[in-house]
There are 4 protein chains.
Amino acid sequence: MIDQSIMRGGIMARARSSKKREDIFQAGLKLFSQHGYSKTTIKDVAEEAGVSFGTVFTYFETKDQLFHACVTEPLVEFREHIMEIRNRLETLTLQQLKQIIDQHVDMFFEKEREIRVIQYVIGQPERFQEMEELDSFANEFTQFIQDIVVIGMKKGFLPNSNPEEVGHGYLAFLMGARLTYTDHKNVQLTNGFKNQALRLFGIGV
Amino acid sequence: MIDQSIMRGGIMARARSSKKREDIFQAGLKLFSQHGYSKTTIKDVAEEAGVSFGTVFTYFETKDQLFHACVTEPLVEFREHIMEIRNRLETLTLQQLKQIIDQHVDMFFEKEREIRVIQYVIGQPERFQEMEELDSFANEFTQFIQDIVVIGMKKGFLPNSNPEEVGHGYLAFLMGARLTYTDHKNVQLTNGFKNQALRLFGIGV
Amino acid sequence: MIDQSIMRGGIMARARSSKKREDIFQAGLKLFSQHGYSKTTIKDVAEEAGVSFGTVFTYFETKDQLFHACVTEPLVEFREHIMEIRNRLETLTLQQLKQIIDQHVDMFFEKEREIRVIQYVIGQPERFQEMEELDSFANEFTQFIQDIVVIGMKKGFLPNSNPEEVGHGYLAFLMGARLTYTDHKNVQLTNGFKNQALRLFGIGV
Amino acid sequence: MIDQSIMRGGIMARARSSKKREDIFQAGLKLFSQHGYSKTTIKDVAEEAGVSFGTVFTYFETKDQLFHACVTEPLVEFREHIMEIRNRLETLTLQQLKQIIDQHVDMFFEKEREIRVIQYVIGQPERFQEMEELDSFANEFTQFIQDIVVIGMKKGFLPNSNPEEVGHGYLAFLMGARLTYTDHKNVQLTNGFKNQALRLFGIGV
DNA sequence: AATGAATGAGTATTCATTCAT
DNA sequence: AATGAATGAATACTCATTCAT
């Protein structure tokens, strides 16, 4: 009895992270990233997720809400990733900066679907309201890069730079790399991007 | 034979340069770039162009063809822009390279609609076939940049670089800048991008 | 046999008088009378009744059956009301007739929900089968009125009339009053209707 | 040329009264009056009207608008009918009043569909907004009846009455007759209603 | 060439009903 | 008995395309 109620409680508590919700979310992420919002039908999502289409509406009230979830929920993980490093920024070294850049490039290529959906939204600013959440995320990110540049200049491992320019340029660069190049298994390509990213910080290779 | 091709040429030339065709094309470009393919309706295009609904079909057989035109026709102008410089590449100087970069950044920000439509297609490679034409254009462009880097290194005004990396990185950077930043009137922003673009060539500012 | 019927009676008696069944019934009555059949959802009924969605189906197998119950069950009470008087019709006086009319008008205004649902069904005779039960009820009612008219003429307190015409006219009048006027608290209005109802019997006021 | 433009002008001017619009309107009136709003589908209306369902949307933007038209447009004719008499009210005779009542009863039975739709709306006041238009129409009508009563009393062919009570009672009576009795071919029935209607004015038969 | 009415395939969403817990 | 997740039939509405004028 007790076990049962705990189990049930557990299931209920996990309502938001139920297996089916996750399947539907991943299906939406895949299809929205491949075909955009309008071309993706709820029927497609349901089939991809292996549920009936009525079930999609059990977990997401509307197609809009599913899309919104696909755009914004991945930001949480991205944000955590940034914040973790931000807390130990004072002791940053060039070596660590190179690692961070490596991670960024890798992440932008690995999280293909998540970023494609974001780019889809960013590319149609008149159409989507999610922009605000994405804008504030972009601001956080560029601010984070600016902080790094300031620290790097102070510590002497970065040349004299305009932190703001580096922040915006670096974000643009990562976004453009992800948008323009599809072959995320190509190590030579990603290594090239890592080198070029370093140059944006004024570091010759 | 000759007559026919001339006639056809004549008809096409007239058709292609008709005022109404241009209006419809510009309307399509505007709306596709703002709202994507599916969300843009022929009715919207007709209204934006100031023509009647049926007239759109007089100039473009299907919605698909209008979209295809909006994606590929601007490439002609872009290509001309590149080729012109390519012919006098042997005498390139650092000063000229800086000018070229300036022009590139300016063009990517000014041709907002044309490039947004292209990015819309690039961002959904599984969905659109226009990819091939865009791919070959991208290859031309990166090849052009690679040639510049080789010349620059040979002439000594560019540091030792991997030309391919610079080519891909530079294209990615331009695309990302255009995708991520909307405020094309902001001179400070575009100047920043110009500086960062130089850094991709290994030129400190 | 006897046991079984008793048991069945017992079960039905319990089922029919369960608190939850009554709550659901009243919720259905309210919502059907306000929004009609199709616009009322089982979910709405469940919420209004304060029970869970599935519980509605425990007491009424289908939405149809719930609706049917809402239309027909109130007839029982109406019928009792009529029959009670019918048994002592021989001794009817004008005074008593006036009381009966008072009661009828009051009842038609007080039992708003019950009668609205009935009117909803009557108003769509091609759509609902409940019509037969309602028809026979209407016949009973008009017959009842006809009997009154005959008695009244015989006893001399009603003028010469066509009993059938009075019966039909009186039912029509009550129904129309209920349909057309919403303000059942308005005493002036209901008093007016009582006076007019008397006129249908040929009694000046 | 001139003829053509006139013809075209004629066609355009008649846009609201095009044959197809009228067919769709009549189909809607029929089906809404028989099955109510929700149970009537656009597909049904289209089939009944003999057009494709897309065409329904050419003439009525939404199902709501078609319904609204079916409820309110018939009021125009009703209103004209009333107003015509109203203008020559001063010379009213008992004979004419009887004629008016005859016409009212006949009209309420002949315009079955139009009035059923109105009753459907009136019966669900919480649900429909058309109520206001119907309320003001009902007010006009009862006011018209009150005027008649006042004239009749002044001229001496009507007994002392409360005009308001007669107005409301008479409208209720007509509505209820239409609601409750379906057999509009039954002359005996309608004659009965005409007699009863007279009694509401205090006129014995 | 220009127009816009007619068409019907396609889509998001609703909701009665079933059924496992 | 009570619950509510899962299902899919049904429906309003959109919109590219056709075609008669």
Side-chain angles (χ1 to χ4, degrees), chain A residues 4-5 7-8 11-12 15 18 20-21 24 37-46 50-67, chain B residues 14-15 18 20-21 37-46 51-67, chain C residues 15 18 20-21 37-46 51-67, chain D residues 4 7-8 11-12 15 18 20-21 24 37-46 50-67:
Chain A
Q4 236 187 44
S5 74
M7 262 179 61
R8 243 201 312 202
I11 286 165
M12 287 177 66
S18 94
K20 284 212 169 137
R21 187 191 191 276
I24 293 165
Y37 181 82
S38 305
K39 198 72 187 305
T40 298
T41 70
I42 295 289
K43 188 167 155 279
D44 292 342
V45 172
V51 300
S52 92
F53 82 82
T55 302
V56 175
F57 290 97
T58 304
Y59 292 92
F60 298 90
E61 279 185 40
T62 62
K63 185 183 175 184
D64 255 334
Q65 286 188 17
L66 172 58
F67 183 71
Chain B
R14 244 183 293 139
S18 131
K20 283 198 175 163
R21 186 191 190 278
Y37 180 81
S38 305
K39 200 71 188 304
T40 298
T41 70
I42 296 289
K43 185 167 160 278
D44 292 342
V45 172
V51 301
S52 91
F53 176 66
T55 301
V56 175
F57 290 95
T58 303
Y59 293 93
F60 298 90
E61 276 185 42
T62 65
K63 186 183 176 184
D64 256 333
Q65 286 186 18
L66 172 58
F67 183 71
Chain C
S18 134
K20 282 200 175 163
R21 187 192 189 278
Y37 180 82
S38 305
K39 200 72 188 304
T40 298
T41 70
I42 297 288
K43 186 166 161 279
D44 293 341
V45 172
V51 302
S52 92
F53 175 67
T55 301
V56 175
F57 290 95
T58 303
Y59 293 92
F60 298 90
E61 277 185 43
T62 63
K63 185 184 175 182
D64 257 332
Q65 287 187 19
L66 172 57
F67 183 70
Chain D
Q4 237 187 43
M7 264 180 60
R8 240 192 324 191
I11 286 164
M12 287 177 65
S18 95
K20 285 212 169 141
R21 188 192 190 275
I24 294 165
Y37 181 81
S38 305
K39 198 72 188 305
T40 298
T41 69
I42 296 288
K43 188 166 155 280
D44 293 342
V45 172
V51 300
S52 94
F53 83 84
T55 302
V56 175
F57 291 97
T58 303
Y59 292 92
F60 299 90
E61 278 185 40
T62 63
K63 185 183 175 183
D64 255 334
Q65 286 189 19
L66 172 58
F67 183 71

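What's counted below: heavy atoms across the whole structure, side chains too, no hydrogens, waters or symmetry copies. None of these values were measured; they are calculated from a predicted model.
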For the atom pair CZ (A:Phe53) and CD1 (A:Ile24), what is the distance rounded to the nearest 0.5 Å?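 So the CZ of A:Phe53 and the CD1 of A:Ile24 are separated by 12.5 Å.
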Atom NZ in C:Lys20, atom OG in C:Ser52: separation rounded to 0.5 Å?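 Spacing of NZ (C:Lys20) from OG (C:Ser52) equals 7.5 Å.
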Quick check: on DNA chain F, is the nucleotide nearest A:Thr55 upstream (toward 5') of the one nearest B:Tyr37, or the reverse? Name the residue that is more 5'.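 It is A:Thr55 whose nearest nucleotide is closer to the 5' end.
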Return whichever of C:Val51 or A:Thr58 has its heavy-atom-nearest nucleotide of DNA chain F closer to the 5' end.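 This one resolves to C:Val51.
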Geometric cation-pi criterion A:Lys63 and A:Phe57, 6.0 Å radius, 45° cone: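 No cation-pi geometry.
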Counting the atoms with a prime plus P, OP1 and OP2 as sugar-phosphate, which does A:Thr40 contact under 4.0 Å by heavy atoms, base, sugar-phosphate, or nothing?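 Sugar-phosphate, backbone atoms only, no base.
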Does [X] place a side-chain N or O at less than 4.0 Å from the phosphate oxygens OP1/OP2 of [N]?
X: B:Lys20; N: E:dA2; value: yes
X: D:Lys63; N: F:dA12; value: yes
X: C:Tyr59; N: F:dA2; value: yes

Please report, rounded to the nearest Å, how far the [atom2] atom of [N] is from the [atom1] atom of [X].
X: D:Arg21; N: E:dA5; atom1: CZ; atom2: P; answer: 14 Å
X: D:Asp64; N: F:dT11; atom1: CG; atom2: C1'; answer: 14 Å
X: C:Gln65; N: E:dA16; atom1: CD; atom2: C1'; answer: 13 Å
X: B:Asp44; N: F:dT14; atom1: CG; atom2: P; answer: 12 Å
X: B:Lys39; N: F:dC13; atom1: NZ; atom2: P; answer: 18 Å
X: C:Lys43; N: F:dT7; atom1: NZ; atom2: P; answer: 19 Å
X: A:Phe60; N: F:dA6; atom1: CZ; atom2: P; answer: 12 Å

Quick check for you: among [options], whose closest atom lies nearest to any side-chain atom of [X]?
X: C:Ile42; options: E:dG4, E:dA16, E:dA12; answer: E:dA16
X: B:Phe57; options: E:dT7, E:dA12, F:dA16; answer: F:dA16
X: C:Phe53; options: F:dT14, E:dA12, E:dA16; answer: E:dA16

Can you tell me the pairing partner of E:dA20 across any strand shown, Watson-Crick or G-U wobble, with both distances under 3.5 angstrom?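 Its partner is F:dT3 (Watson-Crick or G-U wobble, both distances under 3.5 Å).
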Taking the side chain from D:Thr55 and the backbone from D:Thr58, do they hold a donor-acceptor pair closer than 3.5 Å?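 Side chain of D:Thr55 to backbone of D:Thr58: no pair is present.
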Which residue lies more 5' along DNA chain E, comparing D:Ser52 with A:Thr62 via nearest heavy atoms: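 It is D:Ser52 whose nearest nucleotide is closer to the 5' end.
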Walk me through whether B:Tyr37 and A:Lys39 qualify under side chain to side chain contact (heavy atoms under 4.5 Å, CB included). CA-CA 9 Å; B:Tyr37 180 81; A:Lys39 198 72 187 305; over 6 Å; no
